[in-house]
Amino acid sequence: MKNYDYKKIEQKWQKRWEDSGIYKISENSFVGLGYVRPKYYLLDMFPYPSGDGLHMGHTESYTSTDVLYRYKKMKGFNVLHLQGFDSFGLPAENYAIKTGVHPKETTRKNMETYIRQMKSLGFGYDFENKVVTSSPEYYHWTQWIFTKFFEAGLVYKKTDRINWCDSCKTGLANEQVEDGRCERCKSEVIQKNIPGWFFKITDFSEELINDLKDLDWPEHTKKNQINWIGKSDGAEIKFKILSLRLKSEISKIEVFTTRPDTLFGVTYCVLAPEHKIIEELKDSIENWKEVNEYLEKTKRKSEMERIEGKEKTGIELKGIKAINPANKEEVPLFIADYVLAHYGTGAIMAVPAHDERDFEFAEKFTLSKICVINPHSYMGTLPGDSLLDATEKTKKNLEKIQKGEVVYVYDGVLINSGKFDGMSSDEAKKAITEFVGGKITKKYRLRDWSISRQRYWGAPIPIVYSPSGEAYTVPKEHLPWLLPEDVDFIPTGTSPLIKSKELKERTEKIFGKGWTSEVDTMDTFVCSSWYYLRYPDPKNEKEFCSKEKLKQWLPVDLYIGGAEHTYMHLLYARFITKAMKKIGLLDFSEPFLKLRHQGMVLDKDGVKMSKSKGNVVNPDDVVGRFGADAVRLYIMFAGPLEDDVIWNENGVVGLSRFLEKVWKLQFLLSIDIKEPNDLKIEKITHKTIKKVGEDLENLKFNTAISQMMILVNVMEKESGLNIKNYKLLILMLAPLAPHITEELWDILGNNQSIHLSEWPKYDESLAKDDKINFVIQINGKVRDVIEVDVDINENKARGLAEKSENIKKLIEGKEIKKAIFVRGRLLNIII
RNA sequence: GCCGCGGUGAUGAAAUUGGUAAACAUGCGCGACUCAAAAUCGCGUGGGAGCAAUCCCCUGAGAGUUCGAGUCUCUCUCGCGGCACCA
């Protein structure tokens, strides 16, 4: 074969790999070799098998892991790198509603497409060991984990206001609401009071924050998780409620505050409209009619309207007062929807002088403000202020703060606070809390994970109810608790399973007459929260994964996937791991030791690809036109993995040319081994092995490729390329371009697949430059560059510098004040 | 508003982590081959001055630290991502 025919080559090898099963995971590689070779668990975020097929984002991240998989294997690691499908979910169900095709069928077809596409890109997955979340063999164990959580009290049922998408006709977790809209269909989310199951993720809030510090994850991902969990240190303080009519204490409310040091500045208190105590206070509230109207009005508002209408609303509860425990003062009590029922205690003490929201509310309802914090260290400077200005401004700002004209939300020194005057905020937080008998505590904004979905295509929640309505888990011997097939998909807001005759009969047959089954299915995020525990043992029918295999493979060494999963999938998966550890199913508490995100693949104008914009690039199309190897190389070369990649076909040309050059080098091979340029080529080859190895370890695919380009350019230009160095190049390129390298390897007379070869070792003495360009600077400016031995010392360098014509001219007659010598780099002469 | 990330040629980017800014690639220009075109190969390609050797300026703006700053510090600015009435 003379020409590089990528089509032929790629098809040929894809078929041979398939036939020989070189990517198959044998029982051996699961267990036996693990003790000899170090393990490496490499994980992709598995795809949802959508009807659109693989997209370019998948192409990028799966290429990166495929490169690493091949590289690590060549380096002698026993690598676990499997693929699966997150195959439960709404699109297949919605498609079924439209067309009547069962989701099972749609899913099967889509998975086939995905697998075909992944193979066409040359990915070395063993698809016989794929994990499919919608298969009974898999959701068996999703359900089993649920039952274990149930036994351990980590899951519970409650009727609560939850996020509800009226278009998808299902409840949503807090994490699945974006901007008040459904994460999937973007329609507005409303609040609905319905029963549902919850995972106690909040039990792990503290751990979920603390354990992040030992993980090799991108900083911003950690920060986002910490933010999402939203820890606040503060105090709970009780306020007595006084009835003016009865002139006596009728109840108490507890407020949560992060600023107990401002307690003396409280001028009113606020309850969330949903606060339970309101009902209890009803008889003492003189303006109940108006209050009730307000409550009704807020109930009708969606969460979004409440947030959007930033204008504060509320109503005072006439006839009752709250008593500030610090100074026994009576302050008015309000209901206002800027206070959220589900955070803290659903009640706050308002300090308008030191809290922006309270300030705004107080302005609107003309309530008084008391300044209790003196900003001792607050300069109040604005950028560009001169110092004099600043002092003036500080004075003015201070006055304004003290008169309550502006809010001051930072720490300071206490004033107007009785015996606490003069204390710092920090000290006062503790002292005042103690003084009023409050309790120092922490609150989190994280809410328990609502997992009930009123839809069909998901894992059935394995719960049955006795005739009296008591919930029991489906016993192990009846798992998997199969998803019935005799259902109508049309969503009505109650789960389609309710109409299944088969499920009804099955339940009664097993548990007895009058028993009913839970009809909701689980959030698909539950399924995707543990799949990485299944990969080591995908066909185990007795356990979710054997103890030995868990021990051998987990935790995951490197996880690569999109950043959009920061606080959904990644948080849930961490929670599931911790919960499973707590009940003794696992002996590690973090699933993913190292995490990296790939960027987005954008169109040539840098615009996000979307169907509606019609700018979607299809992997099939580009693989057809450029070949898998060129596509793989381009997408790795275009920039750092974590940056966005612009898909520019002009750019792919460069990589095709590169492969063409690599191909043509086979015809330049010198018969005579001892050519004069031999050493030159050999040296740069070894330098390249070193650099490419380091770059691949650090996921710097782009610079690894450019180094190989440099090597190829030298091999092409200098005569005397020998087969030894050419082989080294092919080996290095093998993880990135598996097809062309396999073909060349074969042409060069090797019988075994290049992908079973060892990664080449470099010779340190060859990889090292012996001559370098040494820079001579005068006063920090480059004035000459000379070629010298790498290990040149200062004296020699100075000697050479003084001999340089350029330098001589410039230093003539000047006094050299000093010279800075940097080994192997430069000499800087200061005159 | 808060948190995080970023701004380098025409373009994608690189820069040994404080040491020659722009490697590698695309594009563009000129040339070779060709009847011609494509492909391929060669040379050039940050801006400015000069016939030239060479010199000056240049990493969003401004300051600072340093012999030396794309890299560190501060201020500002623009862009992106996330959170957002969480007390």
Side-chain angles (χ1 to χ4, degrees), chain A residues 178-179 218-224 226-228 230-232 234 255-259 262 270 272 306-312 336-340 342-351 354-358 360-361 383-384 409 443-447 563-564 566-567 600 604 606 633-634 637-640 642-655 657-658 660-661 664 691 694 700 702-710 712-713 716 772-785 805-806 809 817-831:
Chain A
E178 290 173 349
D179 258 339
E219 268 326 296
H220 66 96
T221 306
K222 293 192 195 181
K223 281 261 163 66
N224 275 346
I226 290 169
N227 246 344
W228 184 260
K231 177 176 168 175
S232 297
V255 304
F256 175 71
T257 178
T258 53
R259 293 299 299 274
T262 63
V270 189
R306 268 169 80 160
I307 293 163
E308 258 174 9
K310 284 251 169 167
E311 183 80 2
K312 298 266 180 298
D337 67 5
Y338 82 92
V339 173
L340 307 172
H342 54 73
Y343 184 76
T345 57
I348 61 151
M349 57 179 230
V351 188
H354 304 294
D355 180 282
E356 281 174 32
R357 296 145 304 179
D358 298 344
E360 218 181 288
F361 190 84
V409 297
K443 296 280 178 200
Y444 304 87
R445 63 159 254 164
L446 186 68
R447 287 196 245 171
E564 68 275 15
T566 306
Y567 48 78
M600 275 185 296
K604 63 177 196 309
L633 277 174
Y634 174 73
F637 180 69
E642 57 277 12
D643 287 9
D644 290 347
V645 167
I646 290 183
W647 180 263
N648 189 343
E649 298 205 344
N650 293 337
V652 188
V653 172
L655 284 303
R657 282 180 194 154
F658 169 67
E660 195 77 47
K661 282 189 202 176
K664 283 185 183 155
K691 167 98 173 124
E694 285 165 1
K700 290 167 80 172
N702 54 337
T703 50
I705 293 167
S706 75
Q707 180 63 38
M708 285 190 266
M709 286 173 167
I710 292 169
V712 167
N713 289 343
E716 196 190 31
I772 48 151
N773 291 328
F774 189 82
V775 170
I776 301 164
Q777 298 181 329
I778 293 176
N779 291 343
K781 287 189 198 253
V782 180
R783 285 293 121 111
D784 204 0
V785 181
E805 288 301 324
N806 288 359
K809 255 190 297 183
K817 290 192 190 124
K818 65 170 164 176
I820 289 120
F821 173 78
V822 182
R823 232 183 82 82
R825 300 234 170 274
L826 55 77
L827 180 72
N828 188 7
I829 300 166
I830 311 302
I831 53 173

Novice: Could you tell me how far U8(B) sits from A13(B) if I compare only their C1' atoms? Round to whole Å.
Specialist: 9 Å
Novice: Using the glycosidic torsion, which applies to U17(B): syn (within 90° of 0) or anti (everything else)?
Specialist: syn
Novice: Are OP1 or OP2 of A14(B) and a side-chain N or O of Asn702(A) less than 4.0 angstrom apart?
Specialist: yes
Novice: Among A14(B), C83(B), C85(B), which is the nearest nucleotide to the side chain of Lys312(A)?
Specialist: C85(B)
Novice: NA contact type, Val782(A), heavy-atom cut-off 4.0 Å: base, sugar-phosphate, or nothing?
Specialist: sugar-phosphate
Novice: Any idea how Tyr343(A) and Phe256(A) line up, ring-wise: parallel (<30°), tilted (30 to 60°), or perpendicular (>60°)?
Specialist: perpendicular
Novice: Which one is paired to A36(B), where only Watson-Crick or G-U wobble pairs with both distances under 3.5 angstrom count?
Specialist: none
Novice: Using whole Å, report how far CD1 of Ile820(A) lies from P of G19(B).
Specialist: 14 Å
Novice: So how far is it from Lys443(A) NZ to Thr345(A) OG1, rounded to the nearest 0.5 Å?
Specialist: 6.5 Å
Novice: If the P atom of C85(B) is compared with that of G79(B), how far apart are they to the nearest Å?
Specialist: 24 Å
Novice: Contact class for Lys443(A) vs. all strands (heavy atom < 4.0 Å): base, sugar-phosphate, or nothing?
Specialist: nothing
Novice: If you pin Lys664(A) and Ala638(A) to their nearest nucleotides in RNA chain B, which one's is more 5'?
Specialist: Ala638(A)
Novice: Taking atom C1' in both G60(B) and U71(B), what distance in whole Å separates the two?
Specialist: 16 Å
Novice: Does U73(B) have a Watson-Crick or wobble partner in any strand here, with both distances under 3.5 angstrom, and which is it?
Specialist: A63(B)
Novice: Name the closest nucleotide to the Met709(A) side chain, picking from C3(B), C24(B), A84(B).
Specialist: C24(B)
Novice: May I have the distance from Lys661(A) (atom NZ) to C41(B) (atom P), rounded to whole angstrom?
Specialist: 6 Å
Novice: Just the rounded figure in Å: distance from C1' of U17(B) to CZ of Arg825(A).
Specialist: 11 Å
Novice: Could you check how far CZ of Arg783(A) sits from P of U54(B), rounded to whole Å?
Specialist: 11 Å
Novice: Using a 4.0 Å heavy-atom cut-off, does Leu826(A) contact any base of the nucleic acid, only the sugar-phosphate backbone, or nothing at all?
Specialist: base
Novice: Rounded to whole angstrom units, what separation is found between the CG atom of Asn713(A) and the P atom of C43(B)?
Specialist: 11 Å
Novice: Both distances under 3.5 Å, Watson-Crick or G-U wobble: report the partner of A13(B), or none.
Specialist: none
Novice: Of the nucleotides G19(B), C56(B), A15(B), which one has an atom closest to the side chain of Lys781(A)?
Specialist: C56(B)
Novice: List the atom of Lys661(A), the atom of Asn713(A), and the distance in Å for their closest heavy-atom pair.
Specialist: NZ-OD1, 3.0 Å
Novice: Could you identify the nucleotide paired to C51(B), looking across every strand shown and requiring Watson-Crick or G-U wobble geometry with both distances under 3.5 Å?
Specialist: none
Novice: Considering every strand shown, what is the Watson-Crick or G-U wobble mate of C30(B) when both distances are under 3.5 Å?
Specialist: G42(B)
Novice: With a 4.0 Å cut-off on heavy atoms, is Gln707(A) in touch with a base, just the backbone sugar-phosphate, or nothing at all?
Specialist: nothing
Novice: Do any side-chain nitrogens or oxygens of Arg657(A) fall under 4.0 Å of OP1 or OP2 in U40(B)?
Specialist: yes
Novice: Rounded to whole Å, please give me the gap between CG in Leu655(A) and P in A13(B).
Specialist: 14 Å
Novice: So, for Asn702(A) and Phe637(A), which heavy atoms are closest and what is the spacing to 0.1 Å?
Specialist: CB-O, 3.5 Å
Novice: Atom CG of Asp784(A) and atom P of U20(B): how far apart are they, to the nearest Å?
Specialist: 15 Å
Novice: When you compare A22(B) with A14(B), how far apart are their P atoms, in angstrom units rounded to a whole number?
Specialist: 15 Å
Novice: Under 4.0 Å, counting only non-hydrogen atoms across every strand here, what does Asn650(A) touch: a base, just sugar-phosphate, or nothing?
Specialist: sugar-phosphate
Novice: Under the side chain to side chain contact (heavy atoms under 4.5 Å, CB included) criterion, do Ile830(A) and Lys818(A) qualify, and how do the steps go?
Specialist: CA-CA 5 Å; Ile830(A) 311 302; Lys818(A) 65 170 164 176; 4.0 Å; yes
Novice: Base, sugar-phosphate alone, or nothing: which one does Phe637(A) contact when heavy atoms must sit under 4.0 Å apart?
Specialist: base
Novice: Looking only at atom C1', what distance separates A10(B) and G47(B), rounded to whole Å?
Specialist: 13 Å
Novice: Syn or anti for G9(B), with syn set at within 90° of 0?
Specialist: syn
Novice: Please work out if Ile710(A) contacts a base, only the sugar-phosphate, or nothing of the nucleic acid, heavy-atom cut-off 4.0 Å.
Specialist: sugar-phosphate
Novice: Is there a side-chain contact between Arg783(A) and Ile778(A) (heavy atoms, below 4.5 Å)?
Specialist: yes
Novice: Please check the phosphate of A15(B) (OP1 and OP2 only) for any side-chain N or O of Lys700(A) closer than 4.0 Å.
Specialist: yes
Novice: With the side chain of Val785(A) defined as its heavy atoms from C-beta on, choose the nearest nucleotide among A87(B), U20(B), A14(B).
Specialist: U20(B)
Novice: Using whole Å, report how far CD1 of Ile830(A) lies from P of C67(B).
Specialist: 8 Å
Novice: Using Watson-Crick or G-U wobble geometry with both distances below 3.5 Å, tell me the partner of C83(B), or none.
Specialist: G1(B)
Novice: Under a 3.5 Å limit for both distances, which nucleotide forms a Watson-Crick or G-U wobble pair with U20(B), could you say?
Specialist: none
Novice: In terms of side-chain heavy atoms of Tyr343(A), which of A87(B), A14(B), C41(B) is nearest?
Specialist: A87(B)
Novice: Using 0.5 Å steps for rounding, measure from the CG atom of Asn779(A) to the CD1 atom of Ile829(A).
Specialist: 9.5 Å
Novice: For Gly654(A) and for Lys818(A), find the nucleotide of RNA chain B with the closest heavy atom, then tell me which residue's nucleotide is more 5'.
Specialist: Gly654(A)
Novice: What pair of heavy atoms forms the shortest contact from Gly346(A) to Val339(A), and how long is it?
Specialist: O-CG1, 3.7 Å
Novice: Assign Asp643(A) to base, sugar-phosphate, or nothing according to its heavy-atom contacts below 4.0 angstrom with the strands shown.
Specialist: nothing
Novice: Using the side-chain heavy atoms of His220(A), tell me which of these nucleotides is nearest: G19(B), U20(B), G4(B).
Specialist: G4(B)
Novice: Please report the shortest heavy-atom distance between Tyr338(A) and Asp358(A), naming the atom on each side.
Specialist: OH-OD1, 2.9 Å
Novice: On a whole-Å scale, what distance lies between the P atoms belonging to A61(B) and U77(B)?
Specialist: 15 Å
Novice: Using atom C1' in both nucleotides, what's the gap between A63(B) and A69(B) to the nearest angstrom?
Specialist: 13 Å
Novice: Taking atom C1' in both G1(B) and U11(B), what distance in whole Å separates the two?
Specialist: 37 Å
Novice: Check whether any side-chain N or O of Ser232(A) sits under 4.0 Å from OP1 or OP2 of A87(B), and answer yes or no.
Specialist: yes
